[in-house]
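Dropping the structure in here first, questions after.
Convention: sequence-line order gives letters A, B, ...; per-chain numbering from 1.
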Amino acid sequence: MVLDSKIPSGPIEQAWDSAKFNMKLVNPANKRKYSVIVVGSGLAGGSAAASLGELGYNVKCFCFQDSPRRAHSIAAQGGINAAKNYQNDGDSIYRLFYDTVKGGDFRAREGNVYRLAQNSVHIIDQCVAQGVPFAREYSGLLANRSFGGAQVSRTFYAKGQTGQQLLLGAYQALEAQIDAGRVKMYPRTEMLDLVVVDGKARGIVTRDLVTGKLESHAADAVILATGGYGNVYYLSTNAKGSNCTAIWRAHKRGALFGNPCFTQIHPTCIPVSGDYQSKLTLMSESLRNDGRIWVPKQVGDKRNPSAIPENERDYYLERRYPSFGNLVPRDVASRAAKAVCDEGRGVGETGLGVYLDFGASIQRLGKSTIEERYGNLFDMYARITGENPYETPMRIYPAIHYTMGGLWVDYELQSTIPGLFVAGEANFSDHGANRLGASALMQGLSDGYFILPYTIGNYLASTKPGAVTTDHPAFSQVTKEVADMQNRLLSIKGKRTVTSFHRELGKIIWDYCGMSRQGDSLKVAIQKVRALREEFWRDVNVPGSGDDLNQQLEVATRVADFFELGELMCIDALDRNESCGGHFREEYQTEEGEAMRNDEEYSYVAAWEYGGYNGQPKLYKEPLNFNYVHPSQRSYK
Amino acid sequence: MNLKLNVWRQKNRTDKGRMETYQANNVNPDMSFLEMLDVVNEDLIASGKDPIAFEHDCREGICGSCGFVVNGVAHGPEPETTMCQLHMRHFKDGDELFLEPWRAKAFPVIKDLIVDRSAFDRIIAAGGYVSANTGSAPDGNALQIPKENADRAMDAAACIGCGACVAACPNASAALFTGAKISHLGLLPQGQAERSRRALRMVAQFNEELFGSCTNIGECEAVCPKGISIEVIARMNRDYLAAALTDRGAKKSAGGEA
Ligand SMILES: Cc1cc2nc3c(=O)[nH]c(=O)nc-3n(C[C@H](O)[C@H](O)[C@H](O)COP(=O)(O)OP(=O)(O)OC[C@H]3O[C@@H](n4cnc5c(N)ncnc54)[C@H](O)[C@@H]3O)c2cc1C
Ligand code: FES
């Protein structure tokens with residue numbers, strides 16, 4: 001198989017315009033004859049379903065929550081980037097493009113990233129028109145802030161609830177289309193498999209989460225916008241329901257999986273406090289603008305932070321990275337925190353934590369300024385930990401937050417299965433080996449509002465509408481396979497709960513394929529994951545039956561897929577003998593302990609083909625070419 | 001700490017349902033309420049019983065999935081806190097707790113503590129949006145919006161659609177929910193063109209969904225995890241009345257469509 005990225009030739013500035021011009025169009029009168037399935041109602045799926053409905057296609061949209069408004073995009077706090085240059089501080093489409101390619105440590109496609117930066121400006125316009133209440137200046141104009149160490153202020157935000165407001169904008173547009181009869185919504189419905197007929201995606205099989213009924217849905221094209229797979233680690237900042245099932249099942253049906261080991265660890269999360277812990281909560285990284293990060297100089301210093309004098313504190317980021325200090329990128333800050341904790345200098349009961357201290361800022365700016373800037377975050381911290389961060393430093397620790405990997409797609413967001421498109425965090429995306437803050441919301445909306453409406457049309461224009469219906473035997477075959485797997489899970493009735501397996505799997509992946517990785521231990525991890533997976537299929541206890549609301553069955557199905565994906569992540573991490581972005585292989589670092597890329601051999605997207613339950617997946621490489629931004633070593637010293 | 005839990009168990013929509021009692025032992029004060037229930041559920045599964053079904057997703061207080069009534073109060077005793085953000089340090093050893101689903105005609109129970117809130121989606125579908133098709137927008141800064149209005153719109157837009165307002169209201173009214181969306185959009189210039197139509201259609205849908213009407217009791221505001229003020233209800237009533245009075249024609253056609 002040759003991976004054709006379909007990046008248009010010619011100058012990058014004109015590539016997307018010329019691609020759009022060359023795309024085939026569907027006659028307006030014919031649009032309603034075509035049906036499109038959109039799985040997911042987050043920023044990517046919600047915006048795609050609404051926009052395709054507006055164009056006149058016949059859309060079916062699915063989500064597992066009780067309402068499309070609850071997709072996990074709702075939880076994004078910080079903001080969304082756009083190259084508007086409203087602040088006159090030197091931003092431009094080119095600069096956003098440049099920063100994103102560099103931030104991704106030169107493992108993303110230039111053509112895609114350039115288009116993303118171009119679309120960013122339209123996203124803000126669209127969202128304002130929908131009534132998204134972005135923060136404003138006293139002039140009434142839109143406000144911006146600098147985010148995640150960017151040198152320009154290009155981040156738009158709505159208090160600490162940017163994701164919520166953007167998602168509600170998309171959700172409302174979607175509801176308007178539902179009211180108009182152009183979109184049919186299926187909430188509390190989980191996609192459990194993809195149906196491929198003669199090599200093309202023709203529909204899905206779903207489970208009604210209330211009645212347990214398995215149903216078939218046929219369409220002329222299928223879009224997966226099902227979010228990220230961070231929950232493979234069990235503890236993550238994702239919602240409890242976030243999962244990989246939709247993309248994993250599509251992978252098993254032939255869609256290649258791109259860069260599975262590229263995951264992002266966020267440096268500022270509330271540390272784990274006990275075995276019962278069910279998820280991790282992110283503290284916006286904007287806190288690093290005014291908070292100083294430190295640990296005691298002495299190993300095992302268990303004194304109260306206020307009892308540790310200045311000269312016995314190690315402000316390790318400021319020490320190691322004098323020019324960026326506390327604002328180094330996420331991957332760098334996370335690894336540095338792990339390093340000091342590994343030395344035994346971590347704080348809190350578990351020793352897995354570092355201080356984020358606002359003492360100096362409160363003294364310099366006054367408590368009221370800090371309250372104004374971060375009040376809601378401080379409240380959230382106090383609510384969860386029971387500590388007052390105005391008085392005692394916050395404790396933070398890195399946690400898994402985002403997955404850059406996902407199904408491989410070409411420039412049109414089409415996977416290796418014709419007719420199957422993938423959008424948002426679910427695709428292998430435009431972020432290379434590391435995503436910059438405030439760029440995921442931008443990508444999800446760019447995919448859904450401004451790319452898929454064109455590329456879906458281009459695909460449909462050469463497809464006969466309704467060529468395959470659910471009467472096709474492929475649907476009953478796939479339904480049977482889904483039912484078989486479900487029955488198998490329900491019939492084991494072993495001794496261990498699903499959660500206990502998930503927790504153990506997550507710990508393996510976190511320990512071996514998390515913040516830092518190492519060749520020999522990745523081999524150990526692969527064996528451990530396989531052994532645990534065997535035990536899961538032998539000894540898991542999924543109570544109840546398949547024909548009513550059964551939350552344990554829902555989770556069990558997802559965990560079964562996480563086992564297989566977790567193994568692929570380790571295989572990919574083992575295969576990539578270099579360090580880049582969030583992928584840090586201990587063997588490949590500079591003398592100062594920084595990530596060392598190997599552009600000669602690894603400047604490619606790793607796209608894996610499913611190799612069977614116990615088989616070896618097959619690697620395909622899509623070479624990456626850099627014609628505009630020349631690969632250099634990132635330096636934040 | 002050890003707690004006694006009385007939990008509403010109902011197999012499905014048609015089952016009559018009943019309270020059942022469970023013991024939650026060795027509860028850690030740093031657990032969230034839902035984590036406490038997770039542990040209870042693990043024990044139930046181990047002893048071959050059906051775990052308690054409750055809705056949850058983000059566990060950060062923003063998705064609006066979680067929610068049930070604890071000792072008669074929607075989302076429990078802490079102000080402006082969802083169930084997923086309520087921590088066990090607010091309870092003490094020996095407490096006896098009663099957990100029940102939202103009770104409202106418009107929110108039928110699906111299982112245990114899970115209810116059907118799809119009526120909320122239908123209220124939004126009736127008019128809770130600005131019709132701005134993708135691609136048709138002018139530059140974001142073409143429109144200046146006074147900061148104060150933008151901030152007030154944001155306060156109303158903070159609604160997470162959890163349904164606590166309905167559960168707390170003796171009339172089971174959805175006025176706070178509906179008013180919040182009408183206020184969010186009505187406070188912004190983008191929302192003006194459809195303001196009358198929005199009020200008429202959303203209120204019509206609200207009535208159709210078996211929610212009770214608002215008699216200004218204010219319980220909704222007291223339990224709202226996002227602190228949304230009942231001012232939004234006054235705004236809804238104003239928009240509705242103005243629309244109904246000045247635009248009878250619109251009312252007719254909207255009523256006809258609804
Ligand atoms: C706590 C947090 C804070 C963040 N903050 C920021 C930020 O400030 N800025 C930024 O740019 N990014 C941020 N991110 C990242 C960003 O929010 C996500 O990457 C993005 O919102 C993902 O959107 P999505 O549409 O791809 O997926 P989601 O919003 O996760 O939506 C997934 C959808 O798919 C559905 N689904 C999944 N599986 C199935 C299935 N099998 N069947 C049916 N439906 C299914 C779900 O129901 C849901 O509707 C943050 C992420 C987190 C976790
Ligand atoms: S689980 Fe999302 S608000 Fe509680």
So for A:Leu280, is it side chain, backbone, both, or neither that comes closer than 4.5 Å to the heavy atoms of chain B? backbone

Side chain to side chain donor-acceptor pair (under 3.5 Å) for A:Tyr171 and B:Asp121? Distances and angles first, verdict last. CA-CA 9 Å; A:Tyr171 157 75; B:Asp121 290 326; 2.6 Å; yes

Which heavy atom of A:Asp548 sits nearest to which heavy atom of B:Lys11, and what is that distance? OD2-NZ, 3.9 Å

Does A:Gln277 use its side chain to pair, donor to acceptor, with the backbone of B:Glu35 at less than 3.5 Å? no

For the interface with chain B, which of A:Asn238, A:Leu141, A:Asp275, A:Leu55 has the highest count of heavy-atom pairs at distances below 4.5 Å? A:Leu141

Pick from A:Ser51, A:Ala75, A:Ala176: which one has the most heavy-atom pairs with chain B under 4.5 Å? A:Ala176

Is any side-chain N of the basic residue among B:Glu60 and A:Lys279 closer than 4.0 Å to the acidic one's carboxylate O? yes

Say you draw a straight line from CD1 of B:Ile145 to OG of A:Ser139; how long is it, rounded to the nearest 0.5 Å? 11.0 Å

Determine whether more than 12 heavy atoms belonging to other residues, nucleotides or ligands lie under 6.0 Å from atom CD of A:Gln87. yes

Would you check if A:Tyr86 and B:Asp139 make a side-chain contact, meaning some heavy-atom pair closer than 4.5 Å? yes

Go through the atoms of B:His90 and report whether side chain, backbone, both or neither lie under 4.5 Å from a heavy atom of chain A. neither

Kindly say whether A:Ile384 contributes a backbone atom to a donor-acceptor pair with the side chain of B:Arg89 at under 3.5 angstrom? yes

Worked check of side chain to side chain contact (heavy atoms under 4.5 Å, CB included) between A:Phe64 and B:Asp57: CA-CA 10 Å; A:Phe64 65 76; B:Asp57 200 26; 4.1 Å; yes

I need the residue from A:Val128, A:Ile74, A:Leu174, A:Asp125 with the largest number of non-hydrogen atom pairs under 4.5 Å to chain B. A:Asp125

Answer with side chain, backbone, both or neither: which region of A:Thr385 has an atom nearer than 4.5 Å to a non-hydrogen atom of chain B? backbone

Verdict with supporting geometry, B:Asp116 and A:Asp66, side chain to side chain contact (heavy atoms under 4.5 Å, CB included): CA-CA 8 Å; B:Asp116 180 349; A:Asp66 68 320; over 6 Å; no

So, do A:His72 and B:Cys63 sit near enough that their side-chain heavy atoms are less than 4.5 Å apart? no

Taken to the nearest 0.5 Å, the spacing of A:Ser273 OG from B:Met31 CE works out to 9.0 Å

With rounding to the nearest 0.5 angstrom, report the NZ to CG distance, A:Lys84 to B:Asn141. 7.5 Å

Say you draw a straight line from OG1 of A:Thr497 to CG of B:Asp38; how long is it, rounded to the nearest 0.5 Å? 10.5 Å

Once you round to the nearest 0.5 Å, how far does OG1 of A:Thr211 lie from CG of B:Asn12? 11.5 Å

Close side-chain approach of B:Leu185 and A:Gln172, heavy atoms under 4.5 Å: yes

Answer with side chain, backbone, both or neither: which region of B:Ile123 has an atom nearer than 4.5 Å to a non-hydrogen atom of chain A? neither

So, A:Arg70 side chain and B:Gly161 main chain: donor-acceptor pair closer than 3.5 Å or not? yes

Just wondering, more than 12 heavy atoms not from A:Tyr454 lying within 6.0 Å of its OH? no

Side chains of B:Tyr129 and A:Asp179: closer than 4.5 Å at any heavy-atom pair? yes

Top residue by heavy-atom pair count (under 4.5 Å) with chain B, among A:Lys495, A:Gln161, A:Gln130, A:Gln164? A:Gln164

Picking from B:Gly191, B:Ala53, B:Ser32, B:Pro146, which has the most non-hydrogen pairs under 4.5 angstrom with chain A? B:Ala53

Please state whether the side chain, the backbone, both or neither of A:Asn541 comes within less than 4.5 Å of a heavy atom of chain B. both

Would you say that B:Arg59 contacts A:Lys240 through its side chain, given a criterion of any heavy-atom pair below 4.5 Å between the two side chains? yes

Would you say that more than 12 heavy atoms from the other residues, nucleotides or ligands in this model lie under 6.0 Å from the CD of A:Glu372, or not? no

Above 12 or not: heavy atoms from other molecules or residues under 6.0 Å from NZ of A:Lys20? yes

For side chain to side chain contact (heavy atoms under 4.5 Å, CB included), just list the numbers for B:Ile110 and A:Leu549, CA-CA rounded to whole Å, side-chain angles, deciding distance to a tenth of an Å, and then say yes or no. CA-CA 8 Å; B:Ile110 294 178; A:Leu549 193 154; 3.8 Å; yes

Max heavy-atom pair count under 4.5 Å with chain B, selected residue of A:Gly241, A:Ser278, A:Pro543: A:Ser278

Are the side chains of A:Phe450 and B:Thr134 in contact, using a 4.5 Å heavy-atom criterion? yes

Cut-off 4.5 Å, heavy atoms of chain B, and the answer for A:Gln65 is side chain

Side chain, backbone, both or neither: which part of B:Val27 has a heavy atom under 4.5 Å from chain A? neither

Which atoms form the tightest heavy-atom contact between B:Ala125 and A:Glu175, and what is the distance? CB-OE1, 3.4 Å

Considering only heavy atoms from C-beta outward, does the side chain of B:Gln85 approach that of A:Met380 to under 4.5 Å? yes

Does a side-chain heavy-atom distance below 4.5 Å link A:Gln551 with B:Ile114? yes

More than 12 heavy atoms of other residues, nucleotides or ligands under 6.0 Å from CD of A:Glu349: yes or no? no

Proximity breakdown for B:Ser65 and chain A, heavy-atom pairs closer than 4.5 Å: both

Partners meeting salt bridge (Lys or Arg N to Asp or Glu O under 4.0 Å) with A:Glu190 (sequence neighbours left out): A:Arg558

Per-residue tally against chain A (heavy atom, under 4.5 Å) across B:Glu148, B:His184, B:His56, B:Arg122 peaks at B:His184

Whatever's closer than 4.5 Å to a heavy atom in chain A on B:Ile45 counts as both

Most contact-rich option vs chain B, by heavy-atom pairs under 4.5 angstrom, among A:Arg188, A:Gln177, A:Gln552, is A:Arg188

Distance-only donor-acceptor pairs under 3.5 Å for side chains of residues 149-160 of chain B, two or more places apart:
{"from": "B:Asp151", "atom 1": "OD2", "to": "B:Lys147", "atom 2": "NZ", "distance (Å)": "2.9"}
{"from": "B:Asp155", "atom 1": "OD1", "to": "A:Lys159", "atom 2": "NZ", "distance (Å)": "3.2"}

